[in-house]
Amino acid sequence: MLRRSSFVAVVGTLLFITAACTNKKSVNPLANVGSKQPDKVLFDKAMDAMKHNRFDVARMTLQTLINTYPDSEFIARAKLAVGDSWYAEGGTASLAQAEQEYHDFETFFPNMPEAAEAQLKIANIQYQQMEKSDRDYTHAKRAEDEYRSLIMQYPDNPKLVKEGKRRLLEVQEVLADREFGIGKFYYVRQSFPASIARLQTLAEKYPLYSRADEALYYLGQDYEGQIAQLRARPICKAVNTPPGCAGGENTKAKIIEEWTRQATAAYSQIITRYPLMERGDDAKKRLAALHQPIPRPTKAAVAQNRAEEDSRREANTLDRLMGVVKKGPDMAQASKVGEPTLVDPTPVSANQLAGETMRRAMGSPAGEHGVSVETITGGAPGPNEPAPRSDAPQPSASADPFARTATPAADPNELKPAVADPNELKPSTPADPNELKPSIDTQSAASTAAAPPVQVNEIQQGQSPSGDNATSSSSTELASERDISSSKKKKKKGLKKVISF
């Protein structure tokens, strides 16, 4: 019994030692303490190289990871890191390569959360290469398109969408300033149709532009300039017609009336949409000179314009000095509130405006009122003409096609309806006193339908619920001159213009 117990104890000890010896880390070399997966090792090595600005080493390591382990969980991060390495390296060539890598990442991994980040970096690449508003606007236009793509394709990422909208407002400030410069140049050169096309497109496309009131004011001046030019034109006559003449006094009056209405609309928009900006007083003077009513802005419009003006940062002296040597544009005046324009409106064509103006000023061409004569000859009928009939009257070949046809003589044997004789005697029958006639009051009451009873909870036409009534009244309530003057920014005077602090 003792031997058996000793034997069992020895066997148990051997089994325990065997089990302990088989649980070694060397069985799974990838699971040793301090060791990692090979793809993770390569990824960490690349990230460390990027941290120390060794971008070539980082890209080579990431490409090794992508080619060696195509099924790794780090493939997406590795491809994004390749674009980040080019983006961090900087330079025109490197940024172009980074943009291509980010586009490839969006193509292969469109549903990953990092796709929105890649789109934002594509837009930032164009944003960093923007130039001033009077220089090449290629990068600014591409940045606008890329930021719009970010906002519309990835609306579920509020953080990046907010950043994209802020940058898009700055980009649109640069593009709007370019359009304003071109429109003002055409205004100075008195090329009014070209200036109208630029400024009208600017007012519709970029309503948050910091000089939108200036654009609308010059737009009204363009229409007034066209009115002055049209009044100076002579009247077109049949003999010795001078070049550039007008069709007639009635034509001139109609065109002047329409241009006056358009100029009034431009000046009124300054007062109602931008009441706190500098051109508000000038717009009122021009409306008074045109003998047009001066509108009043609402309190909601004053509050909106105040928020836009407060969000703009005024450039100080250092910013102006740096703007001389800085390549990029100054976007301090860009609005920080409001929604940017995501869809471009239909642009106004300068050629179409100029052609329409000239055609209306010259009057309708004579060809529109001309008379054409068509000579009909015998022969086979055309493909769409009916076949000739034997009983149809044939016109005389020698007859004048424009001659009036003679009225045929009246037939003496023709039967005609008898005409009533005014001297004919007719029996006069007295009215029957026993005849029943409907009562006038009863007949009128029957013809008029009874109005339905008024419901207690029914909202009558023209009324609104109490909750909406308060909101609508606040948005349509007109602002007073005191509200407008108190909301305007105080201009700096004297040395405060130079020394901002």
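Side-chain atoms are counted along with the backbone in the values below, which use heavy atoms only and exclude waters and symmetry mates.
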According to the ring-ring contact (aromatic ring centres under 6.0 Å, His included) rule, which pairs have a member within residues 134-171, sequence neighbours left out?
none
Please list, chain by chain and in numerical order, all residues satisfying side chain to side chain donor-acceptor pair (under 3.5 Å) with Tyr87, sequence neighbours excluded.
Gln128
Asp222-Tyr187 side chain donor-acceptor pair, cut-off 3.5 Å
no
Answer yes or no: is there a donor N or O on one side and an acceptor on the other, between the side chain of Lys159 and the main chain of Asn157, under 3.5 Å?
no
Give the C-alpha distance, both sets of side-chain angles, the deciding distance and a yes or no for side chain to side chain contact (heavy atoms under 4.5 Å, CB included) between Asn305 and Met277.
CA-CA 8 Å; Asn305 195 215; Met277 302 183 81; 3.8 Å; yes
Residue pair Ala266 / Gly220: nearest heavy atoms and the distance that separates them
CB-N, 4.0 Å
May I ask you to decide whether Glu309 forms a salt bridge with Arg306, counting only side-chain N to carboxylate O separations under 4.0 Å?
no
Apply side-chain hydrogen bond (donor to acceptor under 3.5 Å, both in side chains) to Glu170 and Tyr127, showing your working.
CA-CA 9 Å; Glu170 296 179 354; Tyr127 179 86; 2.4 Å; yes
Side-chain donor-acceptor pair present, Ser349, Asn351, cut-off under 3.5 Å
no
CD (Glu131) and NZ (Lys326) are apart, to the nearest 0.5 Å, by 13.0 Å
By salt bridge (charged side-chain N to carboxylate O under 4.0 Å, His left out) - contacts of Arg313 (at least two apart)
Asp319
Short side-chain donor-acceptor distance under 3.5 Å, Glu356 and Gln352:
no
Is any side-chain heavy atom of Lys336 closer than 4.5 Å to a side-chain heavy atom of Leu169?
no
Backbone of Gly183 reached by a side-chain donor or acceptor of Ser195 within 3.5 Å
yes
With a 4.5 Å heavy-atom cut-off, do Arg273 and Gln304 have their side chains touching?
yes
Any chance you could measure Ile151, atom CD1, to Leu342, atom CG, to the nearest 0.5 Å?
5.5 Å
Applying side chain to side chain contact (heavy atoms under 4.5 Å, CB included), name anything that partners Lys184, two or more places apart in sequence or on another chain.
Phe180, Tyr218
Distance-only donor-acceptor check, side chains Gln119 and Ser149, under 3.5 Å
no
Could you tell me whether a side-chain N or O of Lys252 sits under 3.5 Å from a main-chain N or O of Arg233, the two making a donor and an acceptor?
yes
So, the side chain of Thr272 versus the backbone of Pro297: is there a donor-acceptor pair under 3.5 Å, distance only?
no
Under the side chain to side chain donor-acceptor pair (under 3.5 Å) test, residues paired with Ser72 that sit two or more places apart:
Asp39
Donor-acceptor pair between Asn124 and Arg167 side chains, under 3.5 angstrom:
yes
Pairing residues for Phe108 by the side chain to side chain contact (heavy atoms under 4.5 Å, CB included) criterion, not counting sequence neighbours
Lys79, Asp104
Contacts of Asp56 meeting salt bridge (charged side-chain N to carboxylate O under 4.0 Å, His left out) (sequence neighbours excluded), chain-then-number -> Arg59
Any side-chain heavy-atom pair from Arg286 and Gln221 closer than 4.5 angstrom?
yes
Residues forming a ring-ring contact (aromatic ring centres under 6.0 Å, His included) with Phe192, sequence neighbours excluded:
none
Would you say that Gln226 contacts Ile196 through its side chain, given a criterion of any heavy-atom pair below 4.5 Å between the two side chains?
yes
Which residue pairs satisfy the salt bridge (Lys or Arg N to Asp or Glu O under 4.0 Å) criterion with at least one member in residues 110-119, sequence neighbours excluded?
Glu117-Lys121
Any chance you could measure Phe43, atom CZ, to Ile75, atom CD1, to the nearest 0.5 Å?
10.5 Å
Point-to-point distance, once rounded to the nearest 0.5 Å, from OG of Ser133 to CE of Met331
11.0 Å
The test is side chain to side chain contact (heavy atoms under 4.5 Å, CB included); show your working for Arg279 and Ile271 and say whether it passes.
CA-CA 8 Å; Arg279 285 295 186 178; Ile271 301 173; over 6 Å; no
Can you confirm whether Pro345 sits close enough to Thr201 that some side-chain heavy atom of one is under 4.5 Å from a side-chain heavy atom of the other?
no
For the backbone of Lys205 and the side chain of Thr341, can you confirm whether one donor and one acceptor N or O come within less than 3.5 Å of each other?
yes
Donor-acceptor under 3.5 Å (Ser94 side chain, Gly91 main chain)
no
Check the pair Glu477 / Thr298 against side chain to side chain contact (heavy atoms under 4.5 Å, CB included), numbers first and verdict last.
CA-CA 5 Å; Glu477 186 178 358; Thr298 60; over 6 Å; no
Would you say the side chain of Thr260 lies within less than 4.5 Å of the side chain of Gln292, judging by non-hydrogen atoms?
yes
Supply the atom-to-atom distance Arg77 CZ to Ile66 CD1, rounded to the nearest 0.5 angstrom.
14.0 Å
Start with the C-alpha distance between Asp344 and Lys141, add both sets of side-chain angles, then the distance that settles salt bridge (charged side-chain N to carboxylate O under 4.0 Å, His left out), and finish with yes or no.
CA-CA 12 Å; Asp344 291 339; Lys141 188 61 179 175; 3.7 Å; yes
Begin from the C-alpha positions of Val161 and Lys165 and carry the test side chain to side chain contact (heavy atoms under 4.5 Å, CB included) through to its verdict.
CA-CA 6 Å; Val161 167; Lys165 288 184 178 180; 3.9 Å; yes
Any salt bridge linking Glu144 with Arg148? Criterion: basic side-chain nitrogen under 4.0 Å from a carboxylate oxygen.
yes
Hits for salt bridge (charged side-chain N to carboxylate O under 4.0 Å, His left out) against Lys132, two or more places apart or cross-chain, chain-then-number order -> none
Contacts of Lys254 that satisfy salt bridge (charged side-chain N to carboxylate O under 4.0 Å, His left out) - sequence neighbours left out:
none
Do Tyr206 and Asp177 have a side chain donor and acceptor closer than 3.5 Å?
no
If you look only at pairs with a residue in residues 266-287, which of them pass as a ring-ring contact (aromatic ring centres under 6.0 Å, His included), with sequence neighbours excluded?
Tyr217-Tyr267
Regarding Glu99 and Gln126, is there a side-chain donor-to-acceptor distance under 3.5 Å anywhere?
yes
Nearest heavy atoms of Glu173 and Leu208, plus distance in Å:
OE1-O, 4.1 Å
Give a yes or no on this: more than 12 heavy atoms of other residues, nucleotides or ligands lie within 6.0 Å of atom CG of Asn67.
yes
Are any of the side-chain nitrogens in Glu89 or Arg54 under 4.0 Å away from the carboxylate oxygens of its partner?
no
Taking atom CE of Met60 as the centre, does the number of heavy atoms from other residues, nucleotides or ligands within less than 6.0 Å exceed 12?
no
Could Lys285 and Asp281 be called an ion pair, given the rule that one side-chain N must be under 4.0 Å from one carboxylate O?
no
One should read off an interatomic distance between Lys284 NZ and Ser268 OG, to the nearest 0.5 angstrom, of 11.5 Å
